[in-house]
Structure formats: C-alpha cells, structure tokens
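Working notes for the structure below.
Counting from 1, the numbers follow the sequence of the chain as shown. Computed from a predicted model, the values in this text were never measured in an experiment.
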Amino acid sequence: MPQRKSVKIEGWIVPKAIVNDKPALSFRGIHICWFHEREPWQIERMIRLAAYYKMNYAVIEPWGTYRSKVAPWYGWSDGTMTEKEVSRLKKIADDLGITLIPQINIFGHASLCRISTGKHAALDLHPEYQPLFEPDGGWNWCLSNPETRKLLIALIEERMEAFGNPPFFHIGADEAHRPSCPDCISKPYLDLMLEHINVMCETVRKKGARP
C-alpha cells in the first residue's frame, strides 16, 4: 500500500512476508531452433520469454544459420547467427539468469534442414564436400570418414568458444538413418557409432563441459 500522511505517493509500505517461490527443478531448460527464416531479434524474444517463465538454460540449435570460420561452407552464406550476435545474446541471457547451450548435430540432421524439404545447407551450395556425408542425401555424417571427425571436433571447439565455454554442450545424435556408405556398411555400425559419439563427448569434456 502507499505510504500514508502525504498528498502524493512518496513510497510504499510492504507487509512483512516470506516468499516461497523456489522452483522444484534445478535445471529448467528450453530448446530453441534458429531456422534460416528467423532473425536475431526473434531469438532474443524467445530467450526473454524463457526467462519470464523461469527457465535457466536454453539450447540454441542452428539450422544452417551459424557463420562458421572453421568451415564457412557449412551452412547458408546469409546465416544470421554470427559470432557477434551470439556474444550479444549471451550477455542478455547472462543478465536474465539463463545459460545458453550450443548444439551441433554430430550424427543425423547433418543437412541442417528439415528432411522433408529436400534441402541441404552445405551440399546444395558445395557438393564437393559430399564424402563427409552419407551418399543417400547427406542426412547423416559419414562416420567411417576420419575427416568427418576432424571437422566436427573443430566445429565443437569453435562453437564452445563463441558461447563463452558453457558448462554443457548438446551433441544431438538423434533421428539418424541407416548407413548407405560402403565403408560404413562393411563395419559393425553400432560399434562405429558408439566410438564416434564417445570421441565427440570426450572433446566436449576436454573443454570443461558436460555433453
């Protein structure tokens, strides 16, 4: 209520109380997809809305929108997720009590696009990099190609630095297809997949984060 004995409000009287508003979950996360059609202000709005609903973590998954310096060909050339924008959004998220978690899909979703669209954010513009992907449209990374692993490690390290070395990193690895590469088929694919995921997880751990 307003302070008394004045013509206009000069202050407020706050009754003594105990505020019991502690969230039941310590990790309250949301997953934000940065599609090609989205602008940075839309991502900022999502982060601010997440803070309003008391989220404290937000996974940021770029769909071909991150402008990588390690691999400039991997994504759309007009992608709006730049290192400068990531730094700006991180400062906003930090002020709001939200930790941003970067994501790179290290198995399926390698096209950085919806499979239903038939698009591939890398191969549509740079088909010369096809050996890094499975030959049946490039939805999976080719796990038997050692160059794939080198590239993904470099991309993970680059992304973690851009996000200020956060405590978590999302490796994706969902919705993969059966392999069509002759080298991948000739090996026990489960073993190949597990070895690949373990190497990616170890890369994240070496940077001080949890995959």
Side-chain angles (χ1 to χ4, degrees), residues 18-72 74-76 78-114 121 141 149 151-176 196-211:
I18 297 175
V19 178
N20 186 7
D21 192 32
K22 183 179 179 181
L25 298 173
S26 59
F27 189 108
R28 303 177 303 283
I30 189 170
H31 192 125
I32 299 173
C33 290
W34 195 321
F35 294 113
H36 190 209
E37 299 79 11
R38 285 187 176 151
E39 297 294 334
W41 67 266
Q42 293 174 296
I43 305 301
E44 179 183 339
R45 183 175 64 180
M46 294 177 191
I47 292 172
R48 292 186 181 278
L49 189 61
Y52 176 81
Y53 283 105
K54 300 181 181 179
M55 302 294 167
N56 58 354
Y57 291 94
V59 173
I60 307 294
E61 179 183 2
W63 287 63
T65 55
Y66 187 76
R67 304 280 282 278
S68 172
K69 294 179 181 178
V70 169
Y74 187 52
W76 306 116
D78 60 347
T80 56
M81 186 179 175
T82 63
E83 188 175 338
K84 182 179 179 180
E85 277 299 331
V86 168
S87 178
R88 185 183 71 84
L89 291 173
K90 182 182 180 301
K91 289 178 182 177
I92 293 172
D94 288 345
D95 288 342
L96 295 171
I98 291 184
T99 299
L100 299 185
I101 301 173
Q103 176 172 346
I104 292 178
N105 291 298
I106 57 95
F107 191 14
H109 288 278
S111 69
L112 297 172
C113 294
R114 298 275 190 206
W141 290 99
R149 186 172 295 178
L151 173 63
L152 286 171
I153 289 173
L155 288 173
I156 288 172
E157 291 175 344
E158 176 190 44
R159 199 70 52 85
M160 292 195 73
E161 289 179 12
F163 277 75
N165 293 310
F168 297 94
F169 189 93
H170 198 323
I171 64 169
D174 66 323
E175 298 181 359
H196 177 74
I197 290 176
N198 283 332
V199 168
M200 296 302 113
C201 287
E202 186 57 29
T203 299
V204 172
R205 292 191 192 99
K206 285 180 179 178
K207 298 288 288 184
R210 176 181 171 182

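Heavy atoms only, all atoms of each residue included: I32 and A58 are closest at CD1-CB, 4.3 Å. Considering every non-hydrogen atom in both I104 and I156, the closest pair reads CD1-N, 3.7 Å. Pairing each heavy atom of L96 with each of A51, the nearest pair is CB-CB, 3.8 Å. For the pair E158 and K69, the tightest heavy-atom approach, listed with the atom from each and the gap, is OE2-N, 2.7 Å. Heavy-atom minimum distance, S26 versus N56: O-ND2, 2.7 Å.
The existence of a salt bridge linking K206 and E157 is excluded, since no basic side-chain nitrogen approaches an acidic carboxylate oxygen closer than 4.0 Å. The pair D94-K90 meets the salt-bridge criterion, with a side-chain N (NZ, NE, NH1 or NH2) lying under 4.0 Å from an Asp/Glu carboxylate O.
To the nearest 0.5 angstrom, M55 atom CE is 14.0 Å from T99 atom OG1. We find the CD-CZ distance between E39 and R45 to be 12.0 Å, quoted to the nearest 0.5 Å. Between I30 atom CD1 and L49 atom CG the span is 7.0 Å, to the nearest 0.5 Å. With rounding to the nearest 0.5 Å, the separation of CD1 in I43 from CZ in F35 is 9.0 Å. In this structure, M200 CE and F107 CZ are separated by 12.0 Å, a value rounded to the nearest 0.5 Å.
In this structure, R67 contributes its side chain and T82 its backbone to no donor-acceptor pair below 3.5 Å.
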Test side chain to side chain contact (heavy atoms under 4.5 Å, CB included) applied to L155 and I106, step by step: CA-CA 10 Å; L155 288 173; I106 57 95; over 6 Å; no
Test log, rule side chain to side chain contact (heavy atoms under 4.5 Å, CB included), inputs L112 and Y74: CA-CA 9 Å; L112 297 172; Y74 187 52; 3.4 Å; yes
Side chain to side chain contact (heavy atoms under 4.5 Å, CB included) between R159 and Q103, intermediate numbers included: CA-CA 8 Å; R159 199 70 52 85; Q103 176 172 346; over 6 Å; no
From CA spacing to verdict: side chain to side chain contact (heavy atoms under 4.5 Å, CB included), D21, K54: CA-CA 11 Å; D21 192 32; K54 300 181 181 179; 2.5 Å; yes
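Between E61 and N105 the shortest side-chain heavy-atom distance falls below 4.5 Å. Within the 4.5 Å cutoff, the side chain of L89 has no heavy atoms near those of the I60 side chain. In this structure, the side chains of I47 and L100 come closer than 4.5 Å at one or more pairs of heavy atoms. Using a 4.5 Å heavy-atom cutoff, the side chains of W63 and R38 are not in contact.
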For residues 165-175, which side-chain donor-acceptor pairs fall under 3.5 Å, sequence neighbours excluded?
residue, atom, partner, partner atom, Å
H170, ND1, G172, N, 3.0
E175, OE1, H109, NE2, 2.8

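Under a cutoff of 6.0 Å and an axis angle of 45°, R149 and W141 do not form a cation-pi pair.
Atom CZ of F27 has more than 12 neighbouring heavy atoms from other residues, nucleotides or ligands inside a 6.0 Å radius. Crowding of E83 atom CD: a count of heavy atoms from other residues, nucleotides or ligands under 6.0 Å not exceeding 12.
Residues that satisfy the salt bridge (charged side-chain N to carboxylate O under 4.0 Å, His left out) test with R210, not counting sequence neighbours, are absent from this structure. For R205, the side chain to side chain contact (heavy atoms under 4.5 Å, CB included) partners are C201, E202, P211, not counting sequence neighbours.
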